[in-house]
Every structure is written in C-alpha cells, then in structure tokens.
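The basis for the numbers below is simple: all heavy atoms, side chains too, and nothing from hydrogens, waters or symmetry mates. All values reported here derive from a predicted model rather than from experimental measurement. Position 1 is the first residue of the sequence; numbering continues from there.
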Amino acid sequence: MPRMEEILNLPVQELPCSEFSAENINWIKLEGGHQGGDDIALIPFTRVDDFVKGESSNPACPANFRVESRRKRAAGSVAKPRVDGYLEYTLYWCSYGPEDYRESESGIVDSTSAKPASGKGSRPGRRHMMRGCLCHFTVKRLYTRPHLALIIYNQRRHVDKSGVPCHGIFDIDAVGTRAMYAPRISDELRHRVMSMLYVGISLDNILQHHAEVMQKQGGPLNRDDFLTRNDVRNMERTIRNSSLELLGNDECSVKIWIQRHKKDVFYFQDNSSSESFILGIQTDWQLQQMLRYGNNSFISFHSTFGLKKLKYPVCSLLVFDSSQKAIPVAWIITSSFVGKDIHKWIVLLSERLRTKDPRWRPSAIFLDDPSFNCSIIREAFQCRILLCTWHVRRTWIKKLFKKCCNFEVQREMFRQLGWILYSTRCGPNATDAIEEFMQIFVDQCAFIDYFKSHTLAIIDVWINGIKSLHVTTPEPHAAMESYHLKLKSTLLKENYANFWSRVNWLIHTLTTEFHSLYWLDQYSLETGYFENLRDNSLSTNAWYHALRIPDVDVVLDEQNLRLAKVLSQTDRNLVYTIWNPGSEFSLCDCSWSKLGNVCKHVIKVATFCRNRQIARPLLSAQIYNQALLTLLNNP
C-alpha cells in the first residue's frame with residue numbers, strides 16, 4: 001500500500017480501448033493522509049474524458065458524472081510543488097447525488113445531505129434526480145507531470161449515506177422507474193437527434209424512428225430509450241439559439257463557440273501581431289471515422305478551399321470509406337498558409353488518434369500541395385507521402401476548355417503540360433520545357449497569358465514535389481473532387497455571400513449542416529433508415545461509378561496505346577474516347593471531363609490498364625525508365 005509520496009512510482013495505465021471504466025483499471029489503495037484508503041491510479045491526462053464516459057456507462061448503475069468543482073493553477077506558480085500537486089483539479093460526482101430528495105414529497109428532507117460537498121447548494125430543476133448517491137472521484141493533472149492524471153476514487157459504489165444502493169438495477173425502489181437508468185440522454189443520442197434536425201427531419205419522424213428502433217430491440221434498455229418530445233424540442237431550441245449567436249461580434253462569437261465545444265477543438269491559436277489564427281476542429285464522430293477508415297488506409301489533404309472568397313480558407317482531412325466516398329474527419333481554419341504552421345497541430349492530431357488506439361497508423365498520406373513540409377507529416381503519421389495532382393489537373397483543364405476552342409488543341413496542350421511536370425523529374429529545371437511549350441502554342445494567347453501570370457510562379461514547386469514524391473493514381477481524385485463540389489455548393493452559395501467574411505458562420509456551417517450530411521449518409525448505410533433522405537451525390541462519385549462499368553465495355557487497341565474507348569452505360573450507341581489511357585493526365589471527351597473533373601471513363605480505363613498490364617505506364621514511370629536508360633547508355 002503506497003503513500004502519497006510514492007505515487008510517481010505507480011505504473012501509467014494505457015488502455016487500448018476507446019472508452020474504459022473503473023473495472024478496467026488496476027486500483028491501488030492509498031496509505032495514510034486525509035485520503036488514506038482511497039483507490040488511486042495513474043492514466044494519461046488525455047484519457048480522462050474516456051474514463052468519465054466509460055464510468056457513466058456502468059451497466060449496473062448508469063449515471064452521468066458532472067463536474068462538481070474545478071480549480072486550476074498556472075505553470076510556474078508553485079515554487080516547491082507537492083508530489084500530488086496539481087495544475088488542474090476536478091471533482092466528478094454522480095448526478096444522482098449528493099442531495100437526497102426521495103422523501104421531499106412527504107416533507108421529510110435529510111439535512112445531512114442538503115448541500116453538496118463542494119458547497120454549491122442545491123441545483124434548481126434537478127431535485128427529482130437527487131437520490132443521495134455518494135459515488136465520486138477526483139482527477140488531478142499533476143503539476144510535475146502534466147501529461148499524467150491521478151485518479152482518486154473516493155467512493156466507487158453508488159450508495160447513499162446508509163450504504164444502500166440508491167439507483168440502478170440493485171435499488172429495489174428504482175425498479176420500473178427512470179432511476180434504473182442514466183439521468184440524461186447520452187452524448188451519442190444527442191448528436192444523432194441534432195444531426196437529424198440539421199438535415200431537416202421533423203420532430204414527429206424522429207420520435208417515430210426512435211420508437212421503431214426501441215421496438216426492434218425489444219423494449220427500453222437505457223435512458224436513451226425514453227427519448228421524449230420535450231427532449232427533442234430542447235434540442236431544437238439549442239439549434240435556434242446557436243444560430244442567433246452568429247449575429248454578434250465575429251471574434252467574440254468564435255471564442256464562445258470554442259469555449260462551448262472544447263471536446264471538438266484539437267488545436268487553437270488566437271490571432272495576434274506575431275501569430276496566425278489557427279483552429280483545428282474534429283468532432284467525436286469524425287474521430288471515430290478517422291480511426292475506422294484511416295487505419296492501414298489513406299488520408300488525404302484538401303487544402304486552401306475558399307482562398308478567394310472566405311475570410312480564412314479551410315483545409316480538410318479526408319478518409320475514404322468502402323464505397324470510395326471521401327469523408328471529412330478534421331477541418332483546419334487558418335489565417336495564414338496552412339503549410340506554414342502545420343508543425344503546430346499535425347503532431348497533436350496524430351497523438352489524439354493514437355491516444356484512442358496506440359496501434360492506429362495510416363498506410364499513406366495524399367498531399368495536394370507540394371510545398372507542405374513532408375518530413376513533419378511523415379514523422380507525425382509514420383507513413384509514406386504521395387503527391388495528388390487533382391487540384392492542378394482540374395485547374396488546367398477548366399482553363400483550357402474556357403480559353404481554347406479547339407478540342408484537339410486542348411488535348412495536346414494538356415498532354416504537354418503533364419509532360420512538363422514529369423519530364424524534368426531527373427533534370428535540373430523546367431525552363432527549356434516551358435519555353436518550348438509556349439513557343440509551340442504561341443497562338444493560344446488567352447491560355448498562355450494565364451499560364452504566365454498564374455502558373456509560372458508555382459510550377460517549379462510542383463516539379464520539385466514530383467521529383468521527390470511518388471504520385472497517386474487517378475481513383476482518389478474523383479472522391480476528392482466530389483467532396484470539393486459538395487463543400488463548394490454548401491459554403492459558396494450566392495445567398496451566403498454576406499457571411500463569407502465571418503469565421504463564426506464558417507465554423508457553424510461546417511459543424512452543423514455540412515457535418516450532418518455525412519453523418520446521415522453513414523447512418524443510413526449502416527442501419528437502412530432514411531435512405532430517401534440521403535444525398536446521393538456523396539456516394540456516387542466517378543470512382544464509385546467506374547467500378548460498375550464491365551470490362552467488356554472497354555475497348556483498347558494494344559497496337560495503339562494512345563487512346564481507348566468506353567461504351568456508354570445509358571446510351572449503347574454512344575462511345576467515349578480517352579486519350580493517354582492509364583496516365584495521370586488522361587483526358588476524356590465526355591461532358592463531365594470537360595468541366596475539369598476526373599470522369600468514370602478515365603478511372604475505369606486506368607484500372608483496366610493496371611489490372612491487365614497492357615497500357616503504357618504512368619508518365620512518372622515513363623520518365624523514370626527513360627532516365628534510367630540514358631544513365632545506362634551514358635554512365
């Protein structure tokens with residue numbers, strides 16, 4: 001039995017599960033002092049919320065643990081801190097205590113439990129919940145070890161002052177009442193209902209759906225199963241109030257949001273004369289999706305969205321589900337270039353994930369901007385980095401079709417631009433290739449002027465990126481483009497133009513309306529409910545459609561690998577032509593491709609060629625082979 005002076009010698013218990021309770025921890029009795037006899041344990045401070053959530057899910061005594069009192073100290077404020085000295089001190093108490101109002105209706109009130117231990121007094125509106133429960137524990141963020149939390153469990157049993165169970169299944173008086181269950185609905189159900197409200201599902205439909213789910217499971221099992229009309233109306237009121245908060249001062253509104261949604265913020269840096277504004281957002285649902293779909297899979301950056309219209313651009317991190325749909329799992333809003341301060345938040349994000357699952361690791365990170373610091377990202381996620389050319393590809397195609405009228409010229413210019421990026425992979429610079437390109441197409445004045453004013457300044461960055469990084473295949477491009485179009489249609493509507501300069505509106509829209517679209521899509525896929533309300537555009541990107549084109553509809557001449565043909569799935573008399581099949585810069589003559597998008601025909605042909613190993617290799621591979629042959633011939 002250790003004394004308090006020896007607590008730093010205790011093992012730090014790092015549990016692999018996402019949530020855990022007192023049953024999962026090896027407790028040690030504390031000897032001596034005013035807390036002698038209490039159970040203690042050390043856990044990482046970042047896991048405290050997981051412990052509180054796990055304790056609230058006790059099947060025998062479901063409860064919500066509220067913060068009864070909290071104290072904080074600034075680092076450096078104590079000259080000689082005690083071994084159990086704290087930076088943060090938080091007392092958690094079961095919501096069924098400590099007051100006891102079970103006998104209040106008969107006029108009998110237990111005076112010994114009339115006030116809580118913290119001296120806050122009774123809580124208006126919660127008298128019906130108070131049953132004298134003494135279960136409580138203390139969490140100390142240690143002053144000398146800020147990354148550790150000391151849990152002191154003062155009373156582990158859910159009993160009243162007489163030592164008798166006062167709620168849950170072991171309380172005879174609670175059987176058949178709500179006191180058998182947790183006093184409030186769970187955060188999961190609250191998020192589910194609010195997401196339904198955000199996507200426009202009516203109150204009656206929500207309650208009907210809830211009744212169907214409860215009936216299917218055979219009756220009520222926990223507090224969530226007693227969802228009432230009043231519960232949903234309270235959440236509707238919360239949504240209305242959060243919308244009204246957008247009318248105030250933008251900067252103050254943002255800080256209020258951050259204060260109220262601390263669990264959804266993994267990094268925040270306020271704007272100052274020397275520092276940029278940075279806000280990293282990840283909801284609990286997004287965290288779960290990143291853990292689920294990002295492990296041993298791909299994570300992609302979608303950076304600098306809204307650079308020209310929004311006050312601050314948005315950088316999204318995406319994962320891909322089993323239907324090849326991109327799901328946003330984090331947003332970073334910053335007043336500076338997102339790559340400039342990436343070292344400040346990327347490590348914290350990776351630690352947040354590995355805190356939940358130490359074995360979590362992606363297989364690759366896709367970057368859509370070669371100027372990012374790859375070494376920091378590689379170190380944070382411990383995986384390989386690939387360059388995704390979807391953004392530059394999309395921009396060039398859109399400008400070509402806008403500024404050049406002849407499709408054959410457009411096609412050839414696009415091929416030459418791709419060749420510029422890759423042909424200098426093993427060379428010193430791109431000057432010669434660029435000058436040759438501008439001389440060949442000197443008559444295409446509109447595009448050449450655009451090329452000089454917008455592309456020349458950044459093309460060296462892309463060339464250097466392609467020299468040092470491998471490039472992704474075309475399939476993920478379609479999922480990223482689908483996400484890009486959905487984000488654009490949500491945030492950049494003309495009727496929202498007056499809000500583009502407000503950061504609070506951007507945060508609100510991302511975390512409510514936009515977030516709920518993806519939640520509903522996943523919920524519908526997993527449960528089969530609300531399929532008629534799903535936004536089909538989320539799941540039906542070109543990657544998804546390409547998988548449904550049979551191989552027999554692809555025509556490829558092995559003697560002429562410059563082009564391929566794909567039979568239309570809707571009009572069997574229509575055939576689409578794909579130039580440079582299998583290349584990162586393939587181009588199709590369908591209407592969707594001409595808008596700058598990666599179409600299903602390009603992806604199908606790329607997959608077909610790769611599986612059959614009959615088409616020309618990717619441009620990057622062609623250049624590598626060419627350089628290798630040159631080296632062998634001229635050592």
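- Annotation: side chain of Val598 is in contact with side chain of Arg393 (closest heavy-atom distance under 4.5 Å).
- Counting heavy-atom neighbours within 6.0 Å of Tyr544 OH, excluding the residue itself, gives a total of 12 or less.
- Side chain to side chain, Gln269 and Ser276 fail the donor-acceptor criterion of an N or O pair below 3.5 Å.
- Between His477 and Trp543, the ring centre distance reaches or exceeds 6.0 Å.
- At most 12 non-hydrogen atoms from other residues, nucleotides or ligands lie less than 6.0 angstrom from NZ of Lys488.
- For the 3.5 Å distance criterion, the side chains of Glu412 and Gln416 qualify, holding a donor opposite an acceptor.
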Item to complete: Apply side-chain contact (heavy atoms from CB on, under 4.5 Å) to the pair Phe277 and Phe268, showing each step before the final yes or no.
Response: CA-CA 8 Å; Phe277 174 90; Phe268 174 62; 3.6 Å; yes
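- Rounded to the nearest 0.5 Å, atoms CG (Asn580) and CG (Leu563) are 9.0 Å apart.
- Between Val319 and Ile299, the shortest heavy-atom distance links the atoms CG1-CG1, 4.1 Å.
- Here the closest non-hydrogen pair linking Leu567 and Leu574 is CD1-O, 3.6 Å.
- Side-chain N/O atoms of Asp341 and Thr334 include no donor and acceptor closer than 3.5 Å.
- Taken to the nearest 0.5 Å, the CG atom of Leu506 stands 7.0 Å off from the OG1 atom of Thr509.
- Under the 4.0 Å criterion applied to side-chain N and carboxylate O atoms, Glu19 and Lys356 are not assigned as salt-bridge partners.
- Side-chain contact check for Asn205 and Ser202: at least one donor-acceptor pair (N or O, by modelled atom type) lies under 3.5 Å.
- Two residues are said to be in side-chain contact when any heavy atoms from C-beta on lie closer than 4.5 Å; Leu492 and Phe305 meet this criterion.
- Between atom SG of residue Cys315 and atom CD1 of residue Ile333 there is a gap of 10.5 Å, rounded to the nearest 0.5 Å.
- Legend: residues meeting side chain to side chain contact (heavy atoms under 4.5 Å, CB included) with Asp535, ordered by chain and number and at least two apart, are Lys486, Ser537, Leu538.
- For the residue pair Ser303 and Asp368, a side-chain donor N or O sits within less than 3.5 Å of a side-chain acceptor on the partner.
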Discussion item. Please determine whether side-chain contact (heavy atoms from CB on, under 4.5 Å) holds for the pair Ser593 and Leu587, giving the CA-CA distance in whole Å, both sets of side-chain angles, and the decisive distance to 0.1 Å.
Written reply: CA-CA 7 Å; Ser593 181; Leu587 190 62; 3.8 Å; yes
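- When all heavy atoms of Trp592 and Cys599 are compared, the closest pair comes out as CD1-CA, 3.8 Å.
- Nearest heavy-atom pair, Gln286 versus Pro328, reported as atom, atom and distance to 0.1 Å: NE2-O, 3.1 Å.
- Aromatic rings from Tyr198 and His515 are positioned such that their centres are separated by 6.0 Å or more.
- Using a 3.5 Å distance cut-off with no hydrogens or angles, the side chains of Glu494 and Tyr496 do not pair a donor with an acceptor.
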Item to complete: Check step by step if salt bridge (Lys or Arg N to Asp or Glu O under 4.0 Å) holds for Asp521 and Lys325.
Response: CA-CA 10 Å; Asp521 187 74; Lys325 177 176 76 270; 2.8 Å; yes
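- Across all non-hydrogen atoms, the minimal contact from Pro362 to Ile365 is CG-CD1, 4.2 Å.
- Put simply, the side chain of Ser524 never gets that close to the backbone of Arg534: no donor and acceptor are under 3.5 Å apart.
- Side-chain contact between Met196 and Leu520 is absent, with no heavy-atom pair separated by less than 4.5 Å.
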Item to complete: Could you walk me through whether Asp551 and Lys604 pass salt bridge (Lys or Arg N to Asp or Glu O under 4.0 Å), step by step?
Response: CA-CA 8 Å; Asp551 288 352; Lys604 176 60 185 179; 2.7 Å; yes
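- With a 4.5 Å cut-off on side-chain heavy atoms, Thr395 and Val392 do not count as touching.
- Of all the heavy atoms in Arg354 and Trp360, the pair that sits closest is NE-O, 3.2 Å.
- In this structure a side-chain-to-backbone donor-acceptor pair under 3.5 Å is present from Asn464 to Asp460.
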Practice prompt. Evaluate the side-chain contact (heavy atoms from CB on, under 4.5 Å) criterion for residues Ile397 and Phe414: first the C-alpha distance (whole Å), next the side-chain angles of each, then the deciding distance (0.1 Å), finally the verdict.
Written response: CA-CA 7 Å; Ile397 292 179; Phe414 185 62; 3.3 Å; yes
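- Side-chain contact of Ser501 with Lys311: a donor-acceptor pair under 3.5 Å is absent, judged by distance alone.
- Side-chain atoms of Ile332 and Phe266, non-hydrogen and from C-beta on, do get closer than 4.5 Å to each other.
- Ring geometry for Trp519 against His191 counts as perpendicular: the plane angle is over 60°, on a 0 to 90° scale with 30° as the lower cut.
- Judged by distance alone, with hydrogens and angles left aside, the side-chain atoms of Asn296 form no donor-acceptor pair with the main-chain N or O of Ser363 at under 3.5 Å.
- Looking only at atom types and distance, the side chain of Tyr293 has a donor-acceptor partner in the side chain of Gln522 under 3.5 Å away.
- Between Phe441 and Phe451, the distance from one ring center to the other does not fall under 6.0 angstrom.
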Worksheet entry | Trace of the side chain to side chain donor-acceptor pair (under 3.5 Å) decision for Thr490 with Glu513 | CA-CA 8 Å; Thr490 303; Glu513 176 187 347; 5.0 Å; no
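- The line from CG of Asp284 to CG of Asp264 is 8.0 Å long, rounded to the nearest 0.5 Å.
- Distance alone, capped at 3.5 Å, is enough to place a donor-acceptor pair between the Ser516 side chain and the Thr512 backbone.
- In summary, the side chains of Lys600 and Gln569 do not present any donor paired with an acceptor at a separation below 3.5 Å, with no hydrogens or angles considered.
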Practice prompt. Go through the steps to decide whether Asp553 and Arg572 satisfy the test salt bridge (Lys or Arg N to Asp or Glu O under 4.0 Å), and finish with yes or no.
Written response: CA-CA 10 Å; Asp553 287 348; Arg572 307 304 284 177; 3.1 Å; yes
Item to complete: Test ring pair (Phe, Tyr, Trp, His ring centres under 6.0 Å) on Trp390 and His484 and set out the steps.
Response: CA-CA 11 Å; Trp390 80 273; His484 174 85; 5.5 Å; yes
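- Side-chain contact between Leu310 and Val314: present, with at least one pair of heavy atoms (C-beta onward) separated by less than 4.5 Å.
- Using modelled atom types, one side-chain atom of Gln282 and one backbone atom of Val329 make a donor-acceptor pair closer than 3.5 Å.
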Pairs under 3.5 angstrom only: tabulate donor-acceptor contacts from the side chains of residues 372-385 to other protein residues two or more places apart or in another chain.
| unit_1 | atom_1 | unit_2 | atom_2 | d |
| --- | --- | --- | --- | --- |
| Asn373 | OD1 | Ser375 | N | 3.2 |
| Asn373 | OD1 | Ser375 | OG | 2.6 |
| Asn373 | OD1 | Ile376 | N | 3.3 |
| Gln382 | OE1 | Arg361 | NH2 | 2.6 |

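- To the nearest 0.5 angstrom, Asp369 atom CG is 8.5 Å from His391 atom NE2.
- Using a 30° and 60° split on the angle between ring planes, Tyr483 and His302 fall in the perpendicular class, above 60°.
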Worksheet entry | Audit row: Leu387, Thr472, side-chain contact (heavy atoms from CB on, under 4.5 Å) steps and yes/no | CA-CA 6 Å; Leu387 190 60; Thr472 63; over 6 Å; no
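- Using a distance-only test at 3.5 Å, with no hydrogens or angles considered, no donor-acceptor pair links the side chain of Thr304 to the main chain of Leu307.
- Ring pair Phe301/Phe366: centre-to-centre distance not below 6.0 Å.
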